[in-house]
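Encoded as structure tokens, the structure appears first; notes follow it.
Residue numbering restarts at 1 for every chain, and letters A, B, ... go by the order of the sequence lines.
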Amino acid sequence: MIDKFKAAFKEEAHELLSQLEDTLLELESHPRNGELINAAFRAIHTIKGSSAMFGFESISKFTHEVESALDQCRNGTLPITKDFIGLTLKARDHLKEMLGQEEPPPQATMEEGESLLVRYREFLSGGKAASAATPEAGPSTAAGAAAVGAAPAGMEAQAPSAKNGQPVQAETALQSGPAGEATEKPSTYRIAFKPKPDILKDGTKVLNLIEEVAGFGQAAIYAHTEDIPAFGTLDPETCYMYWDIIITTQKTENDIRDVFIFVEDRCELRIEKIDGETLDEEGRAKRLGAILVERGLVSRADLRDALGSQRKLGEVLVEKKIVSKPEIDSALVEQEHLKKVQEKLDSTGASIRVASEKLDSLVDLVGELVTLQARLSQTSLDLKDAALSSICEQFERLISQLRDNTMSIRMLPIGSTFNKFRRVVRDLSIELGKEAELTTEGADTELDKTVIEKLGDPLVHIIRNSLDHGIEKPEERERCGKPRSGKIMLSARHSGAYVLIQVSDDGKGLDRDAIYAKAVERGVISAGQEMSEQDLFLLIFAPGFSTAKTITSVSGRGVGMDVVKREIDSLGGVVSLSSERGKGLTVTLKIPLTLAIIEGLLVRTGAEYFVIPLSTVDGCIEIRREALEEYGERRIINYRDDLVPFVSLRSTFEMPGDPPEIEQIVIANLQDSRMGFVVDQVVGNYQTVIKPLGRMFRGVQGLSGATILGDGTVALILDVNALALAVQMDGGRKAARGSGR
Amino acid sequence: MSQNSRDASVVLSPSGALIIDRASAFKSEMADALGKSKKIVVDLSHVEELDLACLQVLYAARRAAMALGGELHFSGTVSSRIAKRLSAAGVLSGTPGRAEDFEASLLEF
């Protein structure tokens, strides 16, 4: 039983470490962001607590010291520098390593941990010295303000930018205690705090009280300044301002009242719990009108009147002098806060964690169902039973929905892999003495989890290559009139049944002449041979092909880019390149959305069935055998004003038998051209459950998998790009040699 | 507190804690400045603390200057402690360090 808990701990710890890495990288860009520091602290704190509970003593001890350092950062006594982030990233890697080992860890691991802790201690002693020199950076010790959980001095409170005259929202992190410890759902309170005019005279620090309450959780605060009188009549010792505070916290109403306990008789204080009221009756974010009515500022009748107008409710109510503008602004702050809280609840409460193996198994089962359903349909056709046919149709519809739902469960946002590349860029640019920044776009683009898993390595290779060969050293960039820091852009977007992933850099781009010379030198092409730029660029994916003058530990050996091509090919994807000398390089990966079930076009040649992925099919042409024979060796057809080469599957796969009188050419879109495949018959659309080919077929070019048809027959799935390449390579004759067919 | 008059503007450079104990004196200084010039600049570089009493004086002075067709601006840098407290109290958006940003981020200033 305990092993089960230990496994759960490790799983959670891995997840927390992954979040920690993202947080630290973000923190490097925003070192004064209090919420990020809190998040990093919470991650380490949770790992520390859980590791001690499950007997991982060394992890607990190590995290304790890391936690102490992060606590100092939280308090503002230890500055967050690039070196500190670097050290904490290393500590994170070290923890990851420890999680993979038994307790106690090997001596080498312990020593490595100790050396990291020594560096932490150096930081801590340096940090204290620095803090003593700048007392301002330390936490506030002002009377009356414990400032529980508030952002440390000098850090960014997470307030949305507001221009003068707009409502201000002071946001602090949701104070739910360390991650994983929060068990109770936080409550939202509306607090109206209006100090009496003489409150300042006995030394009460009103701002400290507000700050203390704000530190209880996620707060939105509106300070009313409209009662401050004209300068001439202002009594400098009188309090004129008052506050509306909306706070979502795990603290109780009494906890909030306690903050104001010493000023109870010198203020008007109203605290209302507005839990469960974040949405209106129809489940939408609460309307402004509802908030104003709840606050007692507007009657329902006034609201009805104002809503009759076609203008904005707030404007109408202010114009009619029913409420003041600050009252509207304050209610808007509340509305915005409630919306955010609801979003947070939606994002945390609506998901469950499921082991990925279970999902894989579900997809397998759905695949079997799809296959079985095809068989059932076939049988019903043979039996010609109307009742059975009707049931089959309904069954087919349901299976189709089940398939789509199951596939959508496996879809993950690609952003989960994007994050790890930020670390790659960070570490590698330091190693190479370059400056580079990775920006990402389309992180929420969804892709099948299997595809995402397989994309990791190719993308790392491409990004490493960009950094090593593309992005120049800062001095060189300056000489070229570029900013010192290079940019690498990673983006993803949907395009039909594909996802387009692009890695662009603003480095030196591909050197056409150097690639050409290298290709000639390696005998890939002959000197003087004409080649399109795209084809020439694609040579960089050939094994062992590198134009780098020096070999670094990162790249230059010509190993890597060929791996990229191979991996993308195995995903049924396509790689393309565009580059302008001196301006940069863009690598585009076109990846199919899923590898499990696809829509295919079922075709037959002789007794064999093949599936061509429907997303690649451009059209079909019927052609008589004698017309085909007229083409002779020169097999090019005019298709939509384009000359398209075509090959016969029968001859390509050396299949016996004579073709029928009328044949079909399926025109498929290749990477940057089209190709026709001559088949005996086009059967029609087919939901294709992709099954991997056995080891025996692994070397066969042009096939990407197999599927089982309704009658139990196996159909091979064509990889049209690979098949076209194979045909071009050997004259379109022996592509499938060795296939055993 | 020092006061320098340059060209048409008056520069106030308060230092230390601008808190209720000094609020009346601060208001007088400000009234003086308002009487002298239409353009008042308050250098916040040496202000270590700013409480509600003196904040209200700044608000009223700014509004008075504008009502008279003049202006009141801040200059220098703002202590992070001040920015943090005002931000947490919902008076300031963010925790700007530059006085110009501080001025632009004060609610209804």
Side-chain angles (χ1 to χ4, degrees), chain A residues 32 76 136-138 140 142 145 147 150-157 159-170 172 195 200-201 203 205-212 214-215 219-226 228-234 236-241 243-245 326 333, chain B residues 17-31 33-35 48-68 72 77-97 101-109:
Chain A
R32 295 162 77 85
E136 188 179 275
S140 158
M155 288 166 187
E156 286 171 23
S161 63
K163 288 193 179 116
N164 194 17
Q166 289 186 345
V168 175
Q169 264 186 291
T172 50
L200 302 178
K201 289 183 179 159
K205 294 184 182 300
V206 174
L207 296 181
N208 294 12
L209 297 176
I210 315 282
E211 186 183 2
E212 188 175 350
I221 303 170
Y222 189 85
H224 289 267
T225 61
E226 63 268 25
I228 299 174
F231 188 77
T233 55
L234 175 109
E237 295 187 1
T238 293
C239 179
Y240 299 100
M241 287 174 68
W243 284 262
D244 291 326
I245 305 165
V333 166
Chain B
L18 268 186
I19 53 174
I20 190 160
D21 303 353
R22 290 172 58 189
S24 293
F26 183 49
K27 189 192 169 194
S28 302
E29 296 249 1
M30 201 59 89
L34 281 169
E48 288 162 11
E49 206 178 323
L50 177 67
D51 76 355
L52 184 61
C54 289
L55 180 73
Q56 291 181 149
V57 172
L58 284 171
Y59 265 91
R62 159 90 160 202
R63 290 171 187 177
M66 289 173 75
L68 294 167
L72 183 147
T77 52
V78 181
S79 140
S80 58
R81 186 164 151 187
I82 293 175
K84 180 209 152 205
R85 175 141 307 150
L86 294 183
S87 176
V91 181
L92 184 72
S93 165
T95 51
D101 301 332
F102 177 80
E103 184 184 315
S105 306
L106 271 177
L107 173 71
E108 297 285 354
F109 190 67

- Message: What part of B:L50 gets within 4.5 angstrom of chain A, counting heavy atoms only: side chain, backbone, both, or neither?
- Response: backbone

- Can you say whether B:A31 sits under 4.5 Å from chain A via the side chain, the backbone, both, or neither, judging by heavy atoms? both

- Item | Heavy-atom pairs under 4.5 Å with chain B, option from A:T233, A:I210, A:L234 with the top count | A:L234

- Task: For each of A:P326, A:C239, A:A230, A:G203, tally heavy-atom pairs with chain B at distances under 4.5 Å, and name the one with the top tally.
- Result: A:C239

Heavy-atom donor-acceptor pair, [X] side chain to [Y] backbone, under 3.5 Å:
X: B:R85; Y: A:E211; result: no
X: B:Q56; Y: A:Y240; result: yes
X: B:K27; Y: B:A61; result: no
X: A:D244; Y: A:Y222; result: no

